Amino acid sequence: MFKDRPRLFRNRDVLSPLYVPERLQGRDEQIEELSLYLSYLLDGSTPPHLLIVGPPGSGKTVCVKHVLRELKEHVDIPVSYTIADGTSYQLMTSLAINLEFEIPLKGLGFSDVWNVFKERTQDGTIIVLDEMDKMFKKDGSKLLYYLSRQEKICVIGISNKLTVMDMVNDLRVLSSFRPRKISFSPYDAFQLEAILKCRSEEAFFPGVLDDGVVPLCAALAARRNGDARYALDLLSFSADVCIRDRRENVTEADVMVAKDEVEIEFIRRSIERLSESQKILLYSIFTAEYNSPTEVYKHYNKIAKDLGVTPLTQRRLSDLLKELELLGLVEIERKGRGRGRGVGWALFPPSTIDREFIMKALMRSIGR
Ligand code: ADP
Ligand code: MG
């Protein structure tokens, strides 16, 4: 079995989300801006703090990693990267471990670890806090407060949420962490196609992919908020489908088979990113019909009460609803309200997503 296996991949790891390619497509502007700020280091200055924002799969993480790798060729600066999902204490410890600082793992408080950290980073250090919104759900602004007050530390925050800094209400943090913002927009189908083309040349042997495969993956991912992760998943799943059938040539039909699996994974990820109230809101949307925001509001608060969750104001609810719409998880139809003609408002599951997939992922996530 191992001997006459189908051989499609030159290197499958190239399709992994962890792989940082040599060349990136469609992000020249952002890469240049990032590099310009970081180039201050070459003259011995500390760059300003940076905040990278943009939707999921828009290349934020990969661009930052790519630029930092280039930077290493020019200047010897310690870099510590972490996904910022944890408390201040946990994150500070893992940042310290990445930098190979020796700290006893038990019996130290935040300020003990901070004292070591402060001393060891005084010659300059870059700290990357990826998915930064997660730390603000815990006590993470404390960590940011300490880091941003240290003279030679440059913090690069990354987040899917444009309004991530609104999650911080400690004024001391807001006055010491005043980052330059770099925005990433969703990829369009052409950019996705260029990304896939380049990655597939490294990943597959020549001629393995039918001509229509890459454009199809790109077009489908463009419909999913231009998420490059979705596009790459689609491509690697399609190849797996083909291998499973012991063929050596990936077709558009394989992509369509792969799509369902990738779709479920995409929806799962989208839902995991929602707040508790948004999950409940989405659940209430998909379990009843509504003709006005007020009806949604009433039903939501009834469910929230049953679940023992704090009720929301109508204003807050309408913000959450707009966000779900932006994420492509609901569609809202707003007809001009004809005089006295009643119904001018309706909510739908998005026409391109299977309602069943959303419900399944949602039930799992809120444990109903
Ligand atoms: P984000 O951090 O914005 O959610 P990532 O940086 O993780 O997105 O990108 C998602 C996937 O798409 C990763 O596998 C990444 O390598 C790939 N990718 C994103 N943008 C590009 C690009 N411009 N060129 C090549 N690959 C890319
Ligand atoms: Mg990321």
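Just so it is clear, the structure is predicted and the values come from calculations on it, not from any experiment. Numbering of ligands and ligand atoms starts at 1, following listing order.
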How far apart are the closest heavy atoms of P55 and K60, and which atoms are they? O-NZ, 2.9 Å

Do you know which two heavy atoms are closest between L91 and D85, and how far apart they sit?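 What the structure gives for the nearest pair is CD2-N, 3.9 Å.
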
Among all protein heavy atoms, pick out the one at the shortest distance from [atom]; state its residue, atom name and that distance to 0.1 Å.
atom: atom 17 (C) of ligand 1; answer: L232 CD1, 3.5 Å
atom: atom 20 (N) of ligand 1; answer: Y187 OH, 2.7 Å
atom: atom 7 (O) of ligand 1; answer: R229 NH2, 2.8 Å
atom: atom 3 (O) of ligand 1; answer: K60 NZ, 2.6 Å
atom: atom 16 (O) of ligand 1; answer: R199 NH1, 3.0 Å
atom: atom 4 (O) of ligand 1; answer: G57 N, 2.8 Å
atom: atom 8 (O) of ligand 1; answer: G59 N, 3.2 Å

Whether [Y] and [X] form a salt bridge (side-chain N of Lys/Arg under 4.0 Å from carboxylate O of Asp/Glu) is what I want to check.
X: R269; Y: E265; value: yes
X: D354; Y: K259; value: no
X: R120; Y: E102; value: no

Does some non-hydrogen atom of [X] fall short of 4.0 Å from ligand 1?
X: G26; result: no
X: A231; result: no
X: G54; result: no

How long is the gap from [atom1] on [X] to [atom2] on [Y], to the nearest 0.5 Å?
X: D133; Y: I158; atom1: CG; atom2: CD1; answer: 11.0 Å
X: D139; Y: Y89; atom1: CG; atom2: OH; answer: 12.5 Å
X: I280; Y: L274; atom1: CD1; atom2: CG; answer: 11.0 Å

Which is it for [X] and ligand 1 at heavy atoms under 4.0 Å: side chain, backbone, both or neither?
X: P56; value: backbone
X: D227; value: neither
X: F184; value: neither
X: T61; value: both
X: P55; value: backbone

Please say whether [X] places an N or O atom under 3.5 Å from an N or O atom belonging to ligand 1.
X: N160; result: no
X: V62; result: yes
X: Q25; result: yes

Under the 3.5 angstrom rule, does the side chain of Q191 hit a backbone N or O of D188 as a donor-acceptor pair? yes

Would you call the rings of F117 and W114 parallel, tilted or perpendicular, taking 30° and 60° as the class edges? parallel

Taking only non-hydrogen atoms of P17 and a 4.0 Å limit, the atoms of ligand 1 in range are 14 (O)

Ligand 1 atoms nearer than 4.0 angstrom to some heavy atom of Y19 are 16 (O)

Hphob cluster co-occupancy, F348 + I267, side-chain heavy atoms under 4.5 angstrom: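 Shared cluster, no.
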
Is it true that L143 and V79 fall in one hydrophobic cluster, defined by side-chain heavy atoms closer than 4.5 Å?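 Unlinked, L143 and V79 end up in two clusters.
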
Within 6.0 angstrom of E32 CD, more than 12 heavy atoms from elsewhere: no

Under 6.0 Å from the ring centre and within 45 degrees of the ring axis: does the NZ or CZ of R27 meet both conditions for the six-membered ring of Y187?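 So R27 does make the cation-pi contact.
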
Suppose the cut-off is 2.8 Å; which protein N/O/S atoms would you list for the Mg ion (ligand 2)? T61 OG1

Looking only at the side chains, is there a donor atom on one of E263 and Y230 sitting less than 3.5 Å from an acceptor on the other?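 Yes, Y230 and E263 have a side-chain donor paired with an acceptor closer than 3.5 Å.
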
For a quick check under 3.5 Å, do T61 and D130 share a side-chain donor-acceptor pair by atom type? yes

